[in-house]
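Here the structure is laid out as structure tokens; the discussion comes afterwards.
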Amino acid sequence: MLIPHLHDWPTTEAEALAIQHELVGRVNVSVPLGTIRTLAGCDIAYDTASPKLVAAVVVLDWPSRTVIEKTVVRAEATFPYVPGLLSFRELPALLEAFAQLGHAPDAFMLDAQGVAHPRNFGLACHLGLWLDRPCVGCAKSWLVGDYAAPGPTAGDTSPLTLHGRTLGSVVRSATNAKPVFVSPGHKIDAAGATALVLQSLSGYRHPVPTRLAHMLANEERAKL
DNA sequence: GCGACAG
DNA sequence: ATCTTGTCGC
């Protein structure tokens with residue numbers, strides 16, 4: 001898929017923060033969930049004791065869940081891991097993987113935060129702006145926001161708020177498993193992001209799209 | 001000052 | 001994220 005250039009990559013934290021502040025205003029989390037015919041799951045696996053990493057993308061026909069395309073890209077981390085600046089570390093490699101895609105998925109799902117971020121600009125938001133397509137963040141741990149524990153059964157949800165505003169939701173993706181934190185990244189609203197994650201559950205803690213991408217990334221890393 | 005901190 | 005075996009539970 002074609003990916004227009006959005007901005008150059010920063011070298012320092014100060015530059016990264018400036019980019020976030022410059023782009024937050026363009027994020028749109030007011031779009032209702034539309035018809036999704038293809039959904040992409042994305043993830044990255046890191047090598048131990050080396051800056052090498054693998055970005056993986058799995059495109060699924062939706063809602064049949066049939067895998068229709070996969071892409072993996074080997075790259076090297078250029079930006080360090082800094083809480084709140086994760087996108088500057090993972091996006092470059094992910095964008096390379098998307099560029100190799102023959103399909104242009106209707107929506108994307110990531111193991112990261114969307115607007116549930118200190119500056120409301122998580123990886124899912126950043127990716128959404130680059131691709132100009134719906135992106136959903138489904139993180140495995142909390143970063144910001146207040147919430148009450150969701151019920152113990154798969155599918156149970158609880159709102160994730162901040163300063164009285166609903167950012168997303170906390171979803172019990174699998175019975176008796178720790179919940180995941182869902183928030184829209186771009187071109188989708190909180191309800192839509194949550195609905196898409198609920199449609200993606202399969203008995204495991206991770207939604208099908210990111211679960212498959214995670215497995216693919218690990219397989220490729222083993223070949224490093 | 002103290003605690004928290006996606007992957 | 002990553003390093004790691006067995007083990008408790010459905």
Side-chain angles (χ1 to χ4, degrees), chain A residues 9 13 16-17 19-20 23-24 27 29 41-57 72-95 97 108-129 135-147 152-154 160-163 167-186 190 193-194 197 201-207 209-211 213-224:
Chain A
W9 295 99
E13 290 187 28
L17 287 170
I19 290 176
Q20 294 190 321
L23 300 175
V24 214
V27 173
V29 290
C42 333
D43 194 29
I44 281 184
Y46 295 89
D47 182 34
T48 307
S50 122
K52 296 178 183 298
L53 57 79
V54 173
V57 178
V72 288
V73 164
R74 296 183 180 192
E76 222 155 84
T78 59
F79 201 86
Y81 167 67
V82 178
L85 299 179
L86 180 65
S87 65
F88 296 95
R89 180 178 176 73
E90 307 200 329
L91 257 191
L94 285 175
L95 291 174
F108 298 74
M109 198 174 281
L110 303 160
D111 271 343
Q113 305 288 352
V115 293
H117 173 280
R119 292 169 292 284
N120 304 301
F121 198 71
L123 172 54
C125 300
H126 203 162
L127 174 65
L129 291 183
C135 286
V136 174
C138 182
K140 299 182 294 301
S141 59
W142 176 93
L143 181 59
V144 296
D146 306 304
Y147 68 95
T153 307
L160 177 62
T161 65
L162 188 60
H163 304 154
L167 295 179
S169 61
V170 182
V171 178
R172 188 73 68 183
S173 49
T175 301
N176 296 324
K178 292 190 304 180
V180 291
F181 298 76
V182 180
S183 62
H186 185 50
T194 301
V197 168
L201 302 185
S202 65
Y204 294 94
R205 187 159 96 109
H206 298 229
T210 51
R211 177 181 155 68
H214 191 272
M215 295 176 80
L216 177 58
N218 283 324
E219 289 174 16
E220 187 61 22
R221 181 187 55 181
K223 302 174 185 174
L224 290 178

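Residue numbers start from 1 in every chain, and the chains themselves are labelled A, B, ... in the order their sequence lines are given, proteins ahead of strands.
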Check: Closest heavy-atom contact between A:Ala124 and A:Val136?
Finding: CB-C, 4.0 Å
Next item on the list: Calculate the interatomic distance between A:Asp43 atom CG and C:dT2 atom C1'; express it in whole Å.
Entry: 13 Å
Item checked: Main-chain N/O of A:Ala177 paired with A:Arg172 side-chain donor or acceptor, under 3.5 Å -> yes
Note to self: Please find the pair of heavy atoms, one from A:Gln20 and one from A:Gly84, that lie closest to each other, and give the distance.
What the structure shows: NE2-O, 3.0 Å
Checklist line | Trace of the side chain to side chain donor-acceptor pair (under 3.5 Å) decision for A:Glu90 with A:Tyr46 | finding: CA-CA 10 Å; A:Glu90 307 200 329; A:Tyr46 295 89; 2.5 Å; yes
Checklist line | Distance, rounded to the nearest Å, where A:Tyr204 contributes OH and C:dC10 contributes P | finding: 18 Å
Notebook entry, point to check: Do you know which two heavy atoms are closest between A:Pro207 and A:Val197, and how far apart they sit?
Noted result: CG-CG1, 4.1 Å
Checklist line | DNA chain C: 5'-proximal contact among A:Asn176 and A:His214 (nearest heavy atom) | finding: A:His214
Next item on the list: With a 4.0 Å heavy-atom cut-off, tell me which residues in residues 217-224 of chain A come close to DNA chain C, sorted by residue number.
Entry: A:Asn218, A:Arg221
Report all interatomic pairs (protein N or O, nucleotide N or O of nucleotides 3-6 of chain B) with separations under 3.5 Å.
{"from": "B:dA6", "atom 1": "OP2", "to": "A:Tyr81", "atom 2": "OH", "distance (Å)": "2.2"}
{"from": "B:dA6", "atom 1": "O3'", "to": "A:Ser141", "atom 2": "OG", "distance (Å)": "3.4"}
{"from": "B:dA6", "atom 1": "N7", "to": "A:Gly84", "atom 2": "N", "distance (Å)": "3.0"}
{"from": "B:dA6", "atom 1": "N6", "to": "A:Gly84", "atom 2": "O", "distance (Å)": "3.1"}
{"from": "B:dA6", "atom 1": "N6", "to": "A:Leu85", "atom 2": "N", "distance (Å)": "3.4"}
{"from": "B:dA6", "atom 1": "N6", "to": "A:Leu86", "atom 2": "N", "distance (Å)": "3.2"}
{"from": "B:dA6", "atom 1": "N6", "to": "A:His117", "atom 2": "NE2", "distance (Å)": "3.3"}
{"from": "B:dA6", "atom 1": "N1", "to": "A:Leu123", "atom 2": "N", "distance (Å)": "3.0"}
{"from": "B:dA6", "atom 1": "N3", "to": "A:Gln113", "atom 2": "N", "distance (Å)": "3.1"}

Next item on the list: Using the six-membered ring wherever Trp is involved, compare the ring planes of A:Phe181 and A:Tyr147 and label them parallel, tilted or perpendicular (cut-offs 30° and 60°).
Entry: perpendicular
Checklist line | Aromatic plane relationship, A:His126 with A:Trp9 - under 30° parallel, 30 to 60° tilted, over 60° perpendicular | finding: tilted
Check: To the nearest angstrom, how far is A:Glu76 atom CD from C:dA1 atom P?
Finding: 20 Å
Next item on the list: Tell me what A:Ala45 touches on the nucleic acid: a base, only sugar-phosphate, or nothing, going by heavy atoms under 4.0 Å.
Entry: sugar-phosphate
Next item on the list: Measure the spacing between CZ of A:Arg89 and CD1 of A:Ile44 and express it to the nearest 0.5 Å.
Entry: 8.5 Å
